[in-house]
Amino acid sequence: MNNTIDLVIVGGGLGGCAAAVAACAKGLRVILIEETDWIGGQSTSQGVPPDEHPWIEEFGSTKRYRTYREKIRDFYTKMMDPKEKNDKFNPGNGLVSNLCHDPRVSLQVLNEMLLPYVLRNLLTIELNSVVRSVNRAGRRLYDVSVESITTGKEDTFTALYFIDATESGDLLPLANLPYITGAEGKSDWHEPNALEEADPIDIQAFTYVLAMENREGENHVIEKPEMYTFWKDFHPNIWPEKYLSFFAPHPITKEKRRYTLFREENGFPLWEYRRIYDENQFCSLDASKDVSLMNWPQSDYFLGNIYDVSIEEKEKNIYQAKQLSLSLLYWLQTEAPRPDGGKGYPGLKLCKEIFGTEDGLAKAPYIRESRRIKAEYTIVEQDVSPLYNDGKTGKLYEDRIGIGSYSIDLHPSMSGRTYLDIQALPYHIPLGAIIPKDADNILAGCKNIGTTHITNGCYRLHPTEWNIGEACGALVAFCLENDVIPKEVRENKQLLVDFQDQLRNDGFELEWPESFYQKI
């Protein structure tokens, strides 16, 4: 079957969902293609609570992203009987975010935000589906061939525009679009922290997240993982002790850092880091206990990649990454040193019901670093570094389409390099970074934009991914309305001003507000 529509979005993560909402709100007909059976990406199928900047409750995101956050909080304050209700309520009381919550709540909220467009026949969501091939000629992509993973059924979707919002930039090699992986060399962009020579496999670790409930006094020890002995003995040279331990390098100083499971006098409490349900905050009438997500230094997998490798290599690394997470859980249950001198926390229960998977792990790996387009503009370290900018924010791009903030946070890589965690100023998002140099009707909708390996470290988190995706959806609508292509919008002063005005009217923040400068 051949279907001609306005926009195909490949990838149903936060960027893909935001793009769909923005495009459908302008009356476009959209198909959203998602490989798993959950939309939401980082926040849902990958199990990563929102990692955000300190000002997120007041500014520093789009209006729709703020609506998404409010709907999550409203669910808990209205439906879960919290002891105290306030506009800063944090369901898990986790350390990583002001809004640590169950992935299933994000899933419900995102489906609720998209449902009006589904009911109006503007949006079709194809779950459990992957793009197998594309039809591209010259600077245009014409259609994509999609296969259902569950049924094997194939469809071809013809569209005027396409957005790659996949976690790994999967559309780029299929469309034969030039892209970059790994680390650039010093000579590429003269970044202060770049490697001397480019390294395409210097790609950040990925992680298979799992959820645990703390049922102290009970025994929920899982079956010993097949690779447990390997991971128990694993001691990478960038690590101060064996990987399965309560010690890891401090991301900033690289010094040996002590972790604990629960809060003690000394050490970082891993349990509270990404806790998504704090039993002490709710008037619970049942036996529900604390729930936390395992996305910790010790569960980062950096022994091999899962894109631009053979199918056999991909499957091996997925298996080994899952075994690492399960082995870390088993070690916690059976061998982790306790402050009372004992060993193991057998009451840690693997919560299979949260992700609904047979092994209890997230439906998809959390991928920090994607393939990256060769863009009309590449964001480099100098754009966000306090060493190269006199003000309180990074480079003020003329073609800005949003704002965001996060440190340059690079996890250990496939090349065996350790953390790079350095300051980045609150930044702006340039339009040129979402436009490929080599195509007129394809846009990058998430972590695959024109960053470098280094600036990927601050442009990859939740609010920025949403902003990128939402801007892509808005740009497609603007281009179709004005019969222009994205590159023309960027290069034509009046078109750019008109598009930016439209973004502001739709709730985008293109500059940091005055109140921000007063707070720092």
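- Taking CD of Gln323 as the reference point, atom CG of Leu361 lies at 9.0 Å (rounded to 0.5 Å).
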Using the rule given for side-chain contact (heavy atoms from CB on, under 4.5 Å), can you reason through Asn448 versus Arg371, listing the C-alpha separation, both sets of side-chain angles and the distance that settles it, and then say yes or no?
CA-CA 6 Å; Asn448 54 352; Arg371 302 175 178 93; 5.7 Å; no
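- A pairwise comparison of heavy atoms in Ile373 and Pro436 identifies CD1-N, 3.7 Å as the closest pair.
- Side-chain contact annotation: His453 with Glu369, donor-acceptor N/O pair under 3.5 Å present.
- Interatomic distance, OG1 of Thr181 versus CG of Asp202, reported as 10.0 Å (0.5 Å rounding).
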Please lay out, stage by stage, how Asn98 and Glu57 fare under the test side-chain contact (heavy atoms from CB on, under 4.5 Å).
CA-CA 9 Å; Asn98 290 333; Glu57 301 290 351; 3.3 Å; yes
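- For the pair Ala474 and Ala22, the tightest heavy-atom approach, listed with the atom from each and the gap, is N-CB, 3.8 Å.
- Between Leu210 atom CG and Leu293 atom CG the span is 8.5 Å, to the nearest 0.5 Å.
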Kindly list each side-chain donor-acceptor pair under 3.5 angstrom involving residues 6-17, sequence neighbours excluded, with atom names and distances?
from, atom 1, to, atom 2, distance (Å)
Asp6, OD2, Arg29, N, 2.8
Asp6, OD2, Arg29, NE, 3.4

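- Considering only residues two or more places apart in sequence or on other chains, Lys322 meets the salt bridge (charged side-chain N to carboxylate O under 4.0 Å, His left out) condition with Asp359.
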Pair Arg368, Asp409 - check salt bridge (charged side-chain N to carboxylate O under 4.0 Å, His left out), show working.
CA-CA 10 Å; Arg368 294 177 177 86; Asp409 173 23; over 6 Å; no
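- Inter-residue side-chain proximity for Leu510 and Gln500 is flagged as met; some heavy-atom pair is nearer than 4.5 Å.
- Around CG of Asp483, the count of heavy atoms belonging to other residues, nucleotides or ligands within 6.0 Å does not exceed 12.
- Aromatic ring pairs are classed by plane angle as parallel below 30°, tilted from 30° to 60° and perpendicular above 60°; the pair Tyr243 and Phe302 is perpendicular.
- Contact of the Arg460 side chain with the Gln42 side chain is not registered, since no non-hydrogen atoms from C-beta on lie closer than 4.5 Å.
- For the pair Glu358 and Lys352, the salt-bridge criterion is not met [side-chain N within less than 4.0 Å of a carboxylate O].
- Remark: the Tyr427 side chain and the Ser405 side chain contain no N/O donor-acceptor pair separated by less than 3.5 Å.
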With side chain to side chain donor-acceptor pair (under 3.5 Å) as the test, would you mind laying out the steps for Ser145 and Arg132 before giving the verdict?
CA-CA 6 Å; Ser145 296; Arg132 296 300 187 193; over 6 Å; no
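- Partners of Glu315 under the salt bridge (charged side-chain N to carboxylate O under 4.0 Å, His left out) rule, at least two apart in sequence or in another chain, do not exist in this structure.
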For the pair Thr207 and Tyr301, evaluate side-chain contact (heavy atoms from CB on, under 4.5 Å) and give the outcome as yes or no after the intermediate values.
CA-CA 6 Å; Thr207 303; Tyr301 180 84; over 6 Å; no
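- Interatomic distance, CG of Asn456 versus CD1 of Ile408, reported as 10.0 Å (0.5 Å rounding).
- For the pair Leu171 and Val134, the minimum side-chain heavy-atom distance is below 4.5 Å.
- At a threshold of 4.5 Å between non-hydrogen side-chain atoms, the residues Leu410 and Tyr419 do not count as touching.
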With side chain to side chain donor-acceptor pair (under 3.5 Å) as the criterion, how do Tyr406 and Asp51 come out once you've worked through the C-alpha distance, each side chain's angles and the decisive distance to 0.1 Å?
CA-CA 9 Å; Tyr406 206 75; Asp51 217 339; 2.9 Å; yes
Verdict with reasoning, Gln502 to Asp498, per side chain to side chain donor-acceptor pair (under 3.5 Å)
CA-CA 6 Å; Gln502 185 181 97; Asp498 290 346; over 6 Å; no
Determine, stepwise, if the pair Arg69 / Asp74 fulfils salt bridge (charged side-chain N to carboxylate O under 4.0 Å, His left out).
CA-CA 9 Å; Arg69 297 180 86 256; Asp74 284 349; over 6 Å; no
Walk me through whether Asp143 and Phe157 qualify under side-chain contact (heavy atoms from CB on, under 4.5 Å).
CA-CA 5 Å; Asp143 58 54; Phe157 298 113; 6.0 Å; no
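- The pair Arg372-Glu184 counts as a salt bridge, with a side-chain nitrogen and a carboxylate oxygen less than 4.0 angstrom apart.
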Go through the steps for Trp296 and Tyr273 under the test ring-ring contact (aromatic ring centres under 6.0 Å, His included), then give the verdict.
CA-CA 9 Å; Trp296 304 341; Tyr273 187 34; 8.3 Å; no
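- Side chain to side chain, Gln46 and Tyr208 fail the donor-acceptor criterion of an N or O pair below 3.5 Å.
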Salt bridge (charged side-chain N to carboxylate O under 4.0 Å, His left out), that's the test. Do Lys487 and Asp440 meet it? Break it down for me.
CA-CA 7 Å; Lys487 187 176 180 181; Asp440 291 334; over 6 Å; no
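- Residues passing the salt bridge (charged side-chain N to carboxylate O under 4.0 Å, His left out) test with Asp501, sequence neighbours excluded: Arg504.
- Only one option out of Arg66, Glu470, His53, Glu509 pairs with Ser61 in a side-chain hydrogen bond (donor to acceptor under 3.5 Å, both in side chains); it is Arg66.
- Side-chain contact between Asp102 and Pro91 is absent, with no heavy atoms from C-beta onward closer than 4.5 Å.
- For the atom pair CG (Leu326) and CG (Leu350), the distance works out to 7.0 Å, reported to the nearest 0.5 Å.
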Should Glu376 and Lys437 be marked as a salt bridge (charged side-chain N to carboxylate O under 4.0 Å, His left out) after you check the CA-CA gap, both sets of side-chain angles, and the distance that decides it?
CA-CA 5 Å; Glu376 286 293 316; Lys437 284 185 174 181; over 6 Å; no
Glu226 vs Tyr319, side chain to side chain donor-acceptor pair (under 3.5 Å): CA-CA, chis, key distance, verdict:
CA-CA 10 Å; Glu226 294 176 354; Tyr319 170 75; 2.4 Å; yes
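- Counting only N and O atoms by type, the side chains of Ser370 and Tyr179 include no donor and acceptor under 3.5 Å apart.
- A 4.5 Å side-chain heavy-atom check between Leu443 and Asp164 finds every atom pair outside the cut-off.
- Residues that satisfy the salt bridge (charged side-chain N to carboxylate O under 4.0 Å, His left out) test with Glu34, not counting sequence neighbours, are absent from this structure.
- Contact annotation: the side chain of Met414 approaches that of Phe206 to within less than 4.5 Å [non-hydrogen atoms, C-beta and beyond].
- Taking CG of Leu324 as the reference point, atom CG of Leu244 lies at 7.0 Å (rounded to 0.5 Å).
- Relative to the six-membered ring of Phe89, Arg73 misses at least one condition, a distance below 6.0 Å or an angle of at most 45° to the axis.
- You'll find the side chain of Pro486 reaches within 4.5 Å of the side chain of Tyr161, heavy atoms only.
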Name each donor-acceptor pair under 3.5 Å that joins a side chain in residues 111-123 to protein atoms two or more places apart or in another chain, with its distance.
from, atom 1, to, atom 2, distance (Å)
Asn111, ND2, Leu107, O, 3.2
Glu112, OE2, Lys71, NZ, 2.9

